[in-house]
Amino acid sequence: MKYSTNHWNNINKVYILLIKIPKGKVSTYKAVSQATGIHPRAVSRILHANKEPEKYPCYKIVKSDGRLGGYGGPGGVKRKKELLERDGIEIMNGKVDLKKYLHIFSKI
DNA sequence: AGCGCGGCTTTTC
DNA sequence: CGAAAAGCCGCGC
């Protein structure tokens with residue numbers, strides 16, 4: 001099988017990667033997917049089911065083309081944008097400059 | 001080159 | 001069991 005199916009292990013990996021993202025950087029669903037071996041769909045699902053958003057900043061995960069995608073928290077995407085800007089990330093035309101702000105994960 | 005459409009995979013209700 | 005969800009990729013026009 002191409003992707004991991006161990007629920008607990010997958011969730012763990014995603015959260016670990018999330019907290020490893022330094023301030024002022026973001027990541028993408030795809031990057032997390034590749035780093036963890038989880039399907040992008042599953043990643044989004046895990047992030048949405050995140051029970052501790054303060055610990056695991058799901059807002060730092062954007063789509064592969066730089067757009068924010070969605071946000072399941074209060075305020076929706078607007079809130080997500082604010083949080084990103086608070087971290088010093090510029091959002092131009094509703095998109096994040098991945099070349100500047102994408103965090104590359106070291107091996108997991 | 002840009003837009004629209006459908007398929008794919010996993011998790012949750 | 002069936003459907004939906006915070007996405008991604010490939011194809012056709």
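All values below were derived from every heavy atom in this structure, side-chain atoms included, with hydrogens, water molecules and symmetry-related copies excluded.
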Between [X] ([atom1]) and [N] ([atom2]), how many Å, whole number?
X	N	atom1	atom2	answer
A:Tyr29	B:dT9	OH	P	20 Å
A:Asp65	C:dG7	CG	P	11 Å
A:Arg41	B:dT12	CZ	P	14 Å
A:Gln34	B:dT9	CD	C1'	15 Å
A:Ile38	C:dA6	CD1	P	17 Å
A:Lys30	C:dG10	NZ	P	8 Å
A:Ile11	C:dA6	CD1	P	16 Å
A:Ile46	B:dC13	CD1	P	13 Å

| said: Please pick, from B:dT9, B:dT11, C:dA6, the nucleotide with the shortest atom-to-atom distance to any side-chain atom of A:His39. | reply: B:dT9
Verify, without hydrogens or angle tests, whether [X] (side chain) and [Y] (backbone) share a donor-acceptor contact under 3.5 angstrom.
X	Y	result
A:Asn50	A:Cys58	no
A:Asn6	A:Trp8	no
A:Thr36	A:Val32	yes
A:Lys81	A:Ile91	no
A:Thr28	A:Val62	no

| query | Is B:dT9 paired to anything, Watson-Crick or G-U wobble with both distances less than 3.5 Å, and if yes, which nucleotide? | reply | none
| remark: Here the residues of residues 57-64 of chain A within 4.0 Å heavy-atom distance, strictly under, of DNA chain C are A:Cys58, A:Lys63, A:Ser64
| field | Selection: residues 78-87 of chain A, any non-hydrogen atom under 4.0 Å of DNA chain C | value | none
| message | Could you work out, with ring pair (Phe, Tyr, Trp, His ring centres under 6.0 Å) as the rule, every residue matching A:Tyr101, not counting sequence neighbours? | response | none
| task | Considering only NZ, NE, NH1 and NH2 on the basic side and carboxylate oxygens on the acidic side, decide whether A:Asp65 and A:Arg67 come within less than 4.0 Å. | result |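 A salt bridge links A:Asp65 with A:Arg67.
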| message | At less than 4.0 Å, is any side-chain N or O atom of A:His7 found next to OP1 or OP2 of B:dT11? Yes or no. | response |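 Answer yes for this pair, as a side-chain N or O of A:His7 is under 4.0 Å from OP1 or OP2.
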| request: Applying side chain to side chain contact (heavy atoms under 4.5 Å, CB included), run through A:Leu47 and A:Val43 and close with a yes or a no. | output: CA-CA 6 Å; A:Leu47 291 180; A:Val43 174; 4.1 Å; yes
| query | Should A:Tyr59 and A:Val26 be marked as a side chain to side chain contact (heavy atoms under 4.5 Å, CB included) after you check the CA-CA gap, both sets of side-chain angles, and the distance that decides it? | reply | CA-CA 8 Å; A:Tyr59 66 87; A:Val26 300; over 6 Å; no
